[in-house]
There are 2 protein chains.
Amino acid sequence: MLSRQSTRSFSVSMSGTSQGRASAAVAQSKEKSTGKKEKLDLKPPKGTRDFYPEDMRMRNWLFGHWKDVARLHGFEEYDAPVLESEELYIRKAGEEVTQQLYNFEDKGERRVSLRPEMTPSLARMVMARGKSLTLPVKWFSIPQCWRYERMTRGRRREHYQWNMDIWGVPGIEAEAELLSAIVTFFKRVGITSQDVGIKVNSRAVLSEVLTAMGVPADKFAATCVLVDKLEKVKLDDIRGEMQELGLTDEIITKLVATLSIKDLDALEQTLGNGSKALAQLKQLMEYAEAYGFRDWLIFDASVVRGLAYYTGVVFEGFDRKGELRAICGGGRYDELLATFGGEPLPAVGFGFGDAVIAELLKDRNLLPNFDNNKEDKKMKWAFKHAERLGASHLVIIGEDEIAKGIVQVKNLAKGEQVEVEVSKVSDFIAEQLASS
Amino acid sequence: MLSRQSTRSFSVSMSGTSQGRASAAVAQSKEKSTGKKEKLDLKPPKGTRDFYPEDMRMRNWLFGHWKDVARLHGFEEYDAPVLESEELYIRKAGEEVTQQLYNFEDKGERRVSLRPEMTPSLARMVMARGKSLTLPVKWFSIPQCWRYERMTRGRRREHYQWNMDIWGVPGIEAEAELLSAIVTFFKRVGITSQDVGIKVNSRAVLSEVLTAMGVPADKFAATCVLVDKLEKVKLDDIRGEMQELGLTDEIITKLVATLSIKDLDALEQTLGNGSKALAQLKQLMEYAEAYGFRDWLIFDASVVRGLAYYTGVVFEGFDRKGELRAICGGGRYDELLATFGGEPLPAVGFGFGDAVIAELLKDRNLLPNFDNNKEDKKMKWAFKHAERLGASHLVIIGEDEIAKGIVQVKNLAKGEQVEVEVSKVSDFIAEQLASS
């Protein structure tokens with residue numbers, strides 16, 4: 001039950017690729033027209049990152065896998081402004097995401113916010129297109145998302161987050177397809193089901209329990225947000241807030257007992273075999289079996305996720321060693337458009353941040369070398385420089401070559417060097433790149 | 001002498017690909033806990049764009065060409081936060097770019113700004129790395145840049161801007177390489193030197209004239225910013241500001257006469273044949289001849305660009321019909337690090353916005369079709385849907401196919417359809433994609 005922020009992984013600094021910034025911390029002075037010297041801070045703003053070329057190679061590698069997996073699953077890319085109207089994020093359920101908005105008033109006195117998550121922008125875009133959209137909509141994006149904490153324990157204020165969403169599919173096959181994409185990504189980068197699992201639950205489980213005990217539906221979202229906090233805080237710390245929502249001690253006891261359920265047989269004993277939540281979860285496990293990723297899934301009734309708008313299946317990826325925060329998370333949010341005043345439209349999606357996965361890949365030694373900084377003292381400067389750049393080929397033009405009208409082309413990956421006519425160098429390298 | 005903003009092309013809305021937003025303008029209501037209904041605006045914030053999949057295909061196509069050209073020229077990609085400390089942009093020369101900052105105070109009472117341009121972030125990053133950087137640095141980026149105008153005549157507040165910069169090369173060959181990249185891009189997308197020219201000048205021309213007339217060096221940047229405004233306003237509208245800078249009527253007359261020079265022979269008569277500015281411009285034209293893009297260049301002494309920090313060669317791309325604002329622009333800025341309190345380091349770069357080029361490509365009918373919205377009434381829904389998605393292949397699984405353990409794979413681009421064993425579909429399509 002990690003909160004969305006910790007799940008969506010703003011906090012931990014990645015893989016040391018920006019360590020050049022250590023030297024950057026030396027403040028420099030600049031002269032202003034007053035004649036006074038002021039310090040220019042060479043670091044990026046607090047909680048943000050620069051991407052030097054070696055960092056960018058890592059980012060492009062990761063994003064490349066995300067994009068490839070999304071496209072292999074037939075998803076189309078979209079984007080929205082990083083700055084949105086604040087009202088898009090105003091929800092009353094007490095979520096961390098809405099409490100930590102990076103919001104401000106612009107010069108036109110409009111309340112705006114750097115986006116904390118992509119889903120509300122996506123919902124706005126889907127709603128704007130309305131009936132003209134061909135369903136199902138299967139869209140992905142890799143937005144940069146922002147938050148502002150006053151107490152910033154060295155935590156990041158921005159991260160990039162892979163989002164995939166399906167609109168217009170009420171059935172559980174949409175969840176199965178998203179989980180398939182997540183697993184496909186993990187496999188591509190060398191992560192196995194021994195490294196990572198995906199906890200699965202449905203908010204319908206809690207909904208059925210609470211409804212049976214007479215809790216009104218309009219208390220459900222806020223209850224889920226509170227339950228999500230149990231990962232970090234003790235029950236007694238939030239018991240008061242639960243009581244304010246009208247949950248009696250009897251209900252709270254039943255709730256906590258339900259959260260502890262870890263297998264579907266036990267769930268059936270609690271909900272009865274007519275439970276729709278149970279049927280959906282069983283169906284999802286069957287689809288996972290058919291897809292071939294059943295071994296990645298674990299039913300866990302304590303997973304509810306921290307966003308108010310989830311209504312059905314929820315899930316989160318976690319490392320089985322238990323050392324990291326959640327790797328990714330998502331769920332079904334069939335009512336989000338209704339909260340914006342539109343017609344409800346079935347929807348399910350996930351967010352997958354760039355920080356925790358980078359830690360995990362580094363820890364498992366699964367990251368390629370993006371530095372290209374090896375030092376071979378026998379190589380000349382040109383070779384070293386080509387390596388530092390991560391160049392694929394080095395073209396060598398000496399006096400002999402000029403006399404003959406040829407150049408030497410060294411394929412740096414293969415170590416092969418061949419003579420090529422000057423007029424054919426471009427085509428030759430293009431061919432090699434196409435076939436590599 | 002277009003200003004940077006108009007040059008870097010924030011203003012005109014592109015190619016109608018976001019017209020879905022027309023229907024988006026229908027405001028919807030949402031219920032708040034007070035019971036009152038409020039309108040949720042379905043449009044993105046004023047002056048910003050959503051990217052629906054068809055818009056994103058256009059963006060990816062354009063960015064793909066930019067990235068390919070940059071990499072072909074050996075440039076490495078970098079990035080920096082879209083939010084920077086405001087002080088990075090505080091310059092006193094009266095530039096439009098610093099007058100239109102999208103700036104605000106964050107919750108920690110820091111003055112910050114959405115970046116109006118990338119160069120100051122790049123300079124900060126270069127300065128932070130200091131001596132550990134291997135020179136020359138050849139880096140590119142495609143940042144989203146922001147501005148805020150109070151009087152917004154329907155102009156955009158954000159655009160994407162291709163940036164390429166070279167650091168550590170004092171010689172004019174750096175300018176030649178950047179111009180080569182720009183021309184390479186134009187050629188790749190089908191634009192010729194009949195469509196587009198690149199005006200070239202050097203601020204050293206004005207500097208030599210002003211220095212000879214006794215104008216102090218510290219008035220130079222502000223003078224250039226004023227001169228740049230002559231594209232939009234009459235001389236008499238800024239004569240007062242020029243006089244405030246200490247420029248006498250005699251100097252202003254000489255300045256204006258210099259700006260009217262359109263060929264290097266006339267320039268030689270003004271500056272004398274010992275002029276360094278003249279020698280550099282001649283050298284640049286020789287390099288352009290050797291590269292094979294001399295026909296794209298036009299010397300024009302009136303081009304100074306609107307950014308305060310340029311010191312040497314400046315250039316801007318323009319459509320020869322004269323219908324559009326400048327397409328791209330750049331120049332040498334050898335003193336920027338010094339203004340930040342660092343050691344000077346030779347640098348040259350350009351910015352190339354996504355709006356004017358889109359207009360030009362549309363006008364010349366050079367844009368691929370990104371809509372995939374043709375309606376062939378005889379095709380089944382699956383075919384239409386695949387087309388709408390811009391899919392490359394359609395896999396058809398019917399009862400006959402299931403019985404035989406095969407599927408039909410239709411290559412939608414080529415119109416070819418073949419039978420493939422189920423277990424080989426993935427490899428088959430991957431091969432076709434690799435060879436297309």
Side-chain angles (χ1 to χ4, degrees), chain A residues 20-21 23-24 28-31 33 37-38 40-46 48-53 56 60 74 76-85 87 92 102 104-108 110 112 114 124-125 127-130 132 134 139 144 148 150 158 339-342 385 388-391, chain B residues 20-21 23-24 28-31 33 37-38 40-46 48-53 56 59-60 74 76-85 87 92 104-108 110 112 114 124-125 127-130 132 134 139 144 148 150 158 339-342 385 388-391:
Chain A
R21 276 200 265 138
S23 62
Q28 304 279 337
S29 61
K30 67 171 174 176
E31 203 152 17
S33 59
K37 300 254 181 186
E38 287 216 1
L40 176 74
D41 191 349
L42 295 182
K43 297 190 300 296
K46 193 170 178 181
T48 70
R49 291 170 288 177
D50 288 329
F51 288 86
Y52 283 90
M56 201 69 196
N60 281 336
E76 300 177 273
E77 193 173 2
Y78 72 99
D79 198 8
V82 67
L83 195 71
E84 285 273 14
S85 171
E87 66 167 338
K92 310 241 166 204
Y102 206 128
F104 57 94
E105 190 169 281
D106 76 11
K107 292 175 183 174
R110 287 179 187 82
V112 292
L114 295 176
R124 178 178 61 65
M125 288 173 68
M127 200 162 150
R129 280 276 160 108
S132 71
T134 302
W139 288 359
Q144 190 174 29
Y148 193 96
R150 277 176 201 277
E158 53 79 19
T339 69
F340 286 159
H385 191 55
R388 281 186 187 138
L389 294 177
Chain B
R21 277 201 265 137
S23 61
Q28 304 279 338
S29 61
K30 68 172 173 177
E31 203 152 16
S33 59
K37 299 255 181 186
E38 286 217 2
L40 176 72
D41 192 349
L42 295 182
K43 297 190 300 295
K46 194 171 177 181
T48 70
R49 290 170 289 177
D50 288 328
F51 288 86
Y52 283 90
M56 202 68 197
R59 185 172 123 184
N60 281 336
E76 300 176 273
E77 193 173 1
Y78 72 98
D79 198 8
V82 67
L83 195 72
E84 285 273 15
S85 171
E87 67 167 338
K92 310 242 165 204
F104 57 93
E105 189 169 280
D106 76 11
K107 293 176 182 173
R110 287 180 188 81
V112 292
L114 295 176
R124 179 178 59 65
M125 288 173 68
M127 199 162 149
R129 280 277 159 109
S132 71
T134 302
W139 289 358
Q144 190 175 28
Y148 193 97
R150 277 177 200 275
E158 53 78 20
T339 68
F340 287 159
H385 191 55
R388 282 188 186 135
L389 294 176

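In what follows, chains carry the letters A, B, and so on, assigned in the order in which the sequence lines appear, proteins first and then strands, with residues in each chain numbered from 1.
One finds a salt bridge joining B:R59 and A:D79 here, because a Lys/Arg side-chain nitrogen approaches an Asp/Glu carboxylate oxygen to under 4.0 Å. Looking at B:D50 and A:R124, a side-chain N of the basic residue comes within less than 4.0 Å of a carboxylate O on the acidic one, giving a salt bridge.
Here the side chains of B:D41 and A:E87 are in contact, with some heavy-atom distance below 4.5 Å. Side-chain atoms of A:D106 and B:Y148, non-hydrogen and from C-beta on, do get closer than 4.5 Å to each other.
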Original post:
Should B:L83 and A:L114 be marked as a side-chain contact (heavy atoms from CB on, under 4.5 Å) after you check the CA-CA gap, both sets of side-chain angles, and the distance that decides it?
Top reply: CA-CA 10 Å; B:L83 195 72; A:L114 295 176; 4.2 Å; yes
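For B:Y78 and A:F51, the ring centers are positioned 6.0 Å apart or more.
By number of non-hydrogen pairs under 4.5 angstrom with chain A, the leading residue of B:K107, B:Q144, B:E76, B:R110 is B:K107.
Of all heavy-atom pairs between A:S85 and B:P45, the closest is N-CG, 3.8 Å.
Scored by the side-chain hydrogen bond (donor to acceptor under 3.5 Å, both in side chains) test, B:E77 finds A:N60, B:R71 as partners (sequence neighbours excluded).
A:W139 and B:Y52 have perpendicular rings, their planes meeting at more than 60° on a 0 to 90° scale where under 30° would count as parallel.
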